[in-house]
Amino acid sequence: MSSEIVINIQNLAKRYDIYARPIDRLLSTWKKGLKQEFWALRDISFSVSKGETVAIIGQNGSGKSTLLQCLCGTLQATQGHIEMHGKIAALLELGAGFDPESTGRENVYINGLLLGMTRDQITQRFSDIEAFADIGTFIDQPVKTYSSGMYVRLAFAVIAHADPDILIIDEALAVGDVYFVQKCMRFIRKFKENGTILFVSHDTAAVTNLCDRAIWLHNGMMRMQGAAKDVTESYLFFQHAKDRRDQTGEDIQHQTAGTKKANAVIEDDADCRQELIDHSNLRNIIHMVNMADLEAGFGSGKARIIHTEMLHDGQPTRLIHGGEIITLCIDIQAQENLDHAIAGFYFKDRLGQRLFGDNTFLSYIDHPVSVHAQQKVQARFSFRMPFLPVGDYSLDVAFASGTQHDHTQHHWVHDALTFKATASSAATGLIGIPMQSIEMTVS
């Protein structure tokens, strides 16, 4: 992150005049008292350094989208000062900047020109934009026929190839499917290395995972700014306290954790509530949605991952409940002789956050595995599947050679397996783990 300031906002305010009748707008030029003033933003001041990723959070109606539109120039601020340094690309409300009567192909050129690209640049990058959007023959259909997901796919694809310095995203990824969201998250993480991002989202997990800082807007004013984790925790407590007051009239306060009693180690690490969970509607249901084309991915090509599957009780399975022992099998074929072979995986949520993973390096550190050309090798990982909150998930698999910290990647497949959790049991965070024992003692 650089000390160079690329966004500087001082005392920003936006007012709307509200009239009871349309004619009152005309009459108000010589008659007072016909309008009410609504301040969507008041006294907003902050700065963003080059390379920072900053989230804007808050309830619906708090002024988040209005702020971003003022920064992008699609709204004129009533008061205050805005400085923006660098090329800006924005993904605001759904369909913004699209001509519904024009085709997707025509809108790529329209949006590209609006983002400062030349016609020749758009033509050179069109095939990459089309591949990123991945909407097939709809690229030549009027965008008024598009679904909300297709709108976002095409808009994000153009932005991703416009070489912006500042990227502004307003809750756009909420409508994407798991494949596209993963693709966007990979782009955002790469963009974070050199670019600046303003990110509006109600997803606090995405905010804490992606952002350096967060700004909390409430009723059009800044309530708090600081480290993303601190701001989101305060915001979540505020929301919880408000919901509690609305429902019960009671106030709640922050509480500190008390001393926890240590439990004896139990050899069987199955969840102590498993029988209850299995015979109730709390049971986790994790369904394998798809298996990816294993020709995709990246690597040297000296080995190929040819098959990936999940086993339960030794049999292939597409349905997992969480809490059971499952085995991930990765089949690889070497194209050349390779020493110190390593296979591994990552299990990710819809935002690309790596929830857990492992590789074979430590297990074979004293006896490295060598593979000859055209030989096949299978890596097997057996573990107890955690409980997963409702949502979309995917699994990356990889094969390399070398060491943990210095290796050559021969084949990495993004989203080799994708899953959908359609029911939730004992997961209250990013994942739930089997509980050996749970006790509560009253004295």
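Side-chain contact between Ile9 and Ile7: present, with at least one pair of heavy atoms (C-beta onward) separated by less than 4.5 Å. Ile325 has its side chain out of reach of Phe383: every pair of non-hydrogen atoms, C-beta onward, lies at least 4.5 Å apart. Taking 4.5 Å as the limit, some side-chain heavy atom of Phe191 sits within range of a side-chain heavy atom of Pro164. By the 4.5 Å heavy-atom criterion applied to side chains, Leu71 and Met84 are counted as neighbours.
Put simply, the side chain of Lys64 gets close to the backbone of Gly58: a donor and an acceptor are under 3.5 Å apart. In this structure a side-chain-to-backbone donor-acceptor pair under 3.5 Å is missing from Asp396 to Tyr346. Looking at Gln375, its side chain does come within 3.5 Å of a backbone N or O of His372 through a donor-acceptor pair. Ser49 places no side-chain N or O within 3.5 Å of a backbone atom of Glu52 that could act as its donor or acceptor partner. No donor-acceptor pair under 3.5 Å is formed between the side chain of Ser401 and the backbone N or O of Leu338. With hydrogens and angles disregarded, no donor-acceptor distance shorter than 3.5 Å links the side chain of Asp331 to the backbone of Ile306. A donor-acceptor pair is defined here as one N or O able to donate and one able to accept, closer than 3.5 Å; such a pair exists between the side chain of Gln121 and the backbone of Thr118. In this structure, the side chain of Glu233 does not engage the main chain of Asp230 through any donor-acceptor pair within 3.5 Å.
Across all their heavy atoms, Thr360 and Ile342 have their closest contact at OG1-CA, 3.5 Å. Taking each heavy atom of Val207 and Ala55 in turn, the nearest pair found is CG1-CB, 3.6 Å.
Residues satisfying the side-chain contact (heavy atoms from CB on, under 4.5 Å) criterion with Gln225, sequence neighbours excluded, are Phe46, Arg213, Ile215, Met222. Residues forming a side-chain contact (heavy atoms from CB on, under 4.5 Å) with His407 (at least two apart in sequence, or on another chain): Ala400, Gln409. A search for ring-ring contact (aromatic ring centres under 6.0 Å, His included) contacts involving His218 returns Phe238, not counting sequence neighbours.
Within 6.0 Å of the OH atom in Tyr235, the count of heavy atoms belonging to other residues, nucleotides or ligands exceeds 12. For Phe138, the CZ atom counts as loosely surrounded, since its 6.0 Å shell holds 12 or fewer non-hydrogen atoms of other residues, nucleotides or ligands.
There is no side-chain donor-acceptor pair under 3.5 Å between Asn8 and His85. Between the side chains of His410 and Ser300, at least one donor-acceptor pair of N or O atoms lies under 3.5 Å.
Val158 pairs with exactly one of Asn107, Ile122, Ile110, Asn111 by the side-chain contact (heavy atoms from CB on, under 4.5 Å) rule, that one being Asn111. Checking each of Val397, Ile326, Ile330 against Phe381 for a side-chain contact (heavy atoms from CB on, under 4.5 Å) leaves exactly one that passes, namely Ile330. The side-chain contact (heavy atoms from CB on, under 4.5 Å) with Asp170 is formed by just one residue from the set Leu91, Ile56, Leu68; it is Leu68.
Counting only residues at least two apart or in different chains, salt bridge (Lys or Arg N to Asp or Glu O under 4.0 Å) contacts with residues 182-201 comprise Arg186-Asp415, Lys190-Glu193. Sorted by first and then second residue, the salt bridge (Lys or Arg N to Asp or Glu O under 4.0 Å) pairs with a member in residues 351-367 form an empty list; sequence neighbours excluded. Applying the salt bridge (Lys or Arg N to Asp or Glu O under 4.0 Å) test to residues at least two apart or on different chains, the pairs with a partner in residues 118-131 are Arg125-Asp163.
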Margin query: I'd like to know whether Glu324 forms a salt bridge (Lys or Arg N to Asp or Glu O under 4.0 Å) with Arg384, so could you lay out the CA-CA distance, the side-chain angles of the two residues, the decisive distance to 0.1 Å, and finally the verdict.
Written below: CA-CA 5 Å; Glu324 70 267 57; Arg384 192 173 294 281; over 6 Å; no
